[in-house]
Amino acid sequence: MHVLILGGTAEARRLAELLTAPAVPGRTVTSSLAGRVAAPRLPPGEVRIGGFGGTEGLAGWLVRERVDVLVDATHPFAGTMSFHAAGAARTAGVPLVALRRPGWEAVDGDDWRSAGSLAEAAALLPPLGSRVFLTTGRTGLAAFTGRPELDALWFLVRSVDPPEPPVPRRMDVLLDRGPFALDGERALLAAHRIDVLVTKDSGGRATAPKLTAAREAGVPVVVVRRPPVPDGVPVVAGPEEAAHWVTGRMAA
């Protein structure tokens, strides 16, 4: 039996661990990484890096490699890949499940604004503050450029790898990888005099301390909503639940 995990997240790595330890005779677990991070943390089992060539390319790979179960454990904002996975699974007749960590929820004391895209997030910024902590990743920074009101802001951009241009006119880059500790996030906000935070609703605990630090400091947060999971695709919230779903399909 062959399981393909579309990965790149901590949950995908944990799922690969659950499905490969202990090893099961006749079971192959392949994790596919997009290759956008220079030095990814590799999961156990077989690993492939790079794209498939859209929906048709992925469907062909599923058939050629005799994949029995497909798990979409990509980042919650990898919307295009999720729709490719849904279409490819239908074409190849392969069962598909989406592994999505729950999103964050505001609590008492939070000052959150919701945005449907990076462009919407950028439009909300000028009245909120002038020193922006931008934690939306290294791509898509063009949304924060090209307008005088945005050029007047200063951005601290945190990402694993250097950002891709175009980037904000006034910007410092902090290359770092989570998980992040609360004390560190408190110190970062204070040291850089951050007065507004922008984040995607990635969910999970690894990067959540910034939200607590912002709440404590009275810093408003612009939260970009995640794209939807394709219609008809079952969703599980954690690696253990995904492993149970996969083994159940294999036993069927």
Side-chain angles (χ1 to χ4, degrees), residues 8-9 34 36-38 74-80 101 103-228:
T9 60
R36 294 178 180 174
V37 176
T74 55
H75 191 277
F77 280 83
T80 299
R101 68 185 79 135
W104 292 315
E105 295 184 3
V107 301
D108 289 343
D110 281 327
D111 181 10
W112 288 12
R113 273 76 166 174
S114 178
S117 65
L118 292 177
E120 286 186 23
L124 293 173
L125 288 179
L128 296 178
S130 61
R131 297 184 65 84
V132 185
F133 185 22
L134 191 56
T135 65
T136 57
R138 67 187 179 95
T139 62
L141 299 187
F144 301 90
T145 68
R147 290 168 22 209
E149 62 270 27
L150 294 177
D151 288 343
L153 306 180
W154 177 86
F155 293 85
L156 176 64
V157 176
R158 182 166 69 187
S159 61
V160 176
D161 294 317
E164 299 178 352
V167 298
R169 186 175 68 85
R170 302 175 63 218
M171 175 189 76
D172 283 353
V173 176
L174 176 60
L175 298 181
D176 204 354
R177 187 200 302 262
F180 301 105
L182 179 56
D183 285 346
E185 299 293 69
R186 288 169 174 153
L188 186 149
L189 295 186
H192 294 279
R193 296 179 286 116
I194 299 298
D195 53 15
V196 59
L197 165 67
V198 181
T199 185
K200 293 178 178 178
D201 182 17
S202 301
R205 293 178 293 181
T207 60
K210 64 189 173 188
L211 302 174
T212 302
R215 179 170 63 249
E216 293 176 350
V219 170
V221 180
V222 179
V223 181
V224 181
R225 298 187 300 272
R226 54 175 67 178

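In this chain, residues are counted from 1 in sequence order. The structure displayed is predicted, hence computed values, not measured ones.
- Partner of Val198 under the side-chain contact (heavy atoms from CB on, under 4.5 Å) criterion, chosen from Leu124, Leu128, Val132, Val221: Val132.
- Annotation for Arg225 and Gly116: closest pair NH2-CA, 3.3 Å, computed over non-hydrogen atoms.
- A distance of 9.0 Å separates CG of Leu197 from CG of Leu134, quoted to the nearest 0.5 Å.
- Residue pairs satisfying the salt bridge (Lys or Arg N to Asp or Glu O under 4.0 Å) criterion with at least one member in residues 115-128, sequence neighbours excluded, are absent.
- With contacts defined as side-chain heavy-atom distances shorter than 4.5 Å, the pair Leu175/Asp161 does not qualify.
- A donor-acceptor contact shorter than 3.5 Å links the side chain of His75 to the backbone of Phe77.
- By the 4.5 Å heavy-atom criterion applied to side chains, Val223 and Ser114 are not counted as neighbours.
- Residues Arg138 and Pro162 approach most closely at CD-O, 3.5 Å, considering heavy atoms.
- The minimum heavy-atom distance between Arg226 and Arg101, with the atom names listed, is NH1-O, 2.8 Å.
- Residues Leu141 and Thr136 form a side-chain contact, since some pair of their non-hydrogen atoms from C-beta on lies under 4.5 Å apart.
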For this session: Assess whether side chain to side chain contact (heavy atoms under 4.5 Å, CB included) is satisfied between Phe144 and Val167, documenting all intermediate values.
Result: CA-CA 7 Å; Phe144 301 90; Val167 298; over 6 Å; no

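- A salt bridge is defined here as a Lys NZ or Arg NE, NH1 or NH2 lying under 4.0 Å from an Asp or Glu carboxylate O, and Arg170 with Asp172 fails to meet this definition.
- Electrostatic pairing of Asp110 and Arg215 counts as a salt bridge here, judged by a charged N lying under 4.0 Å from a carboxylate O.
- A donor-acceptor distance shorter than 3.5 angstrom exists from the side chain of Asp195 to the backbone of Arg131, with no hydrogens or angles considered.
- Between Leu156 and Leu188, some side-chain heavy-atom pair lies under the 4.5 Å cut-off.
- In terms of heavy-atom proximity, Gly140 sits nearest to Leu118 at O-CD1, 3.5 Å.
- The aromatic rings of His192 and Trp154 lie parallel to each other, with less than 30° between the two planes, well short of the 60° mark.
- A distance-only check finds a donor-acceptor pair linking the side chain of Trp104 to the backbone of Gly204 [under 3.5 Å].
- Under the 3.5 Å distance criterion, with hydrogens and angles disregarded, no donor-acceptor pair is assigned to the side chains of Thr145 and Arg169.
- Minimum interatomic distance between Trp112 and Glu105 (heavy atoms only, all atoms of both residues): CH2-C, 3.6 Å.
- Nearest heavy atoms, Gly137 versus Ser159: C-CB, 4.2 Å.
- Using a 4.5 Å heavy-atom threshold, the side chains of Val160 and Asp176 count as separate.
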N/O donor to acceptor pairs below 3.5 angstrom from side-chain atoms of residues 206-214, sequence neighbours left out:
{"residue": "Lys210", "atom": "NZ", "partner": "Thr135", "partner atom": "OG1", "Å": "2.9"}
{"residue": "Lys210", "atom": "NZ", "partner": "Thr199", "partner atom": "OG1", "Å": "2.9"}

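- Atom CZ of Arg205 has 12 or fewer heavy atoms from other residues, nucleotides or ligands within 6.0 Å.
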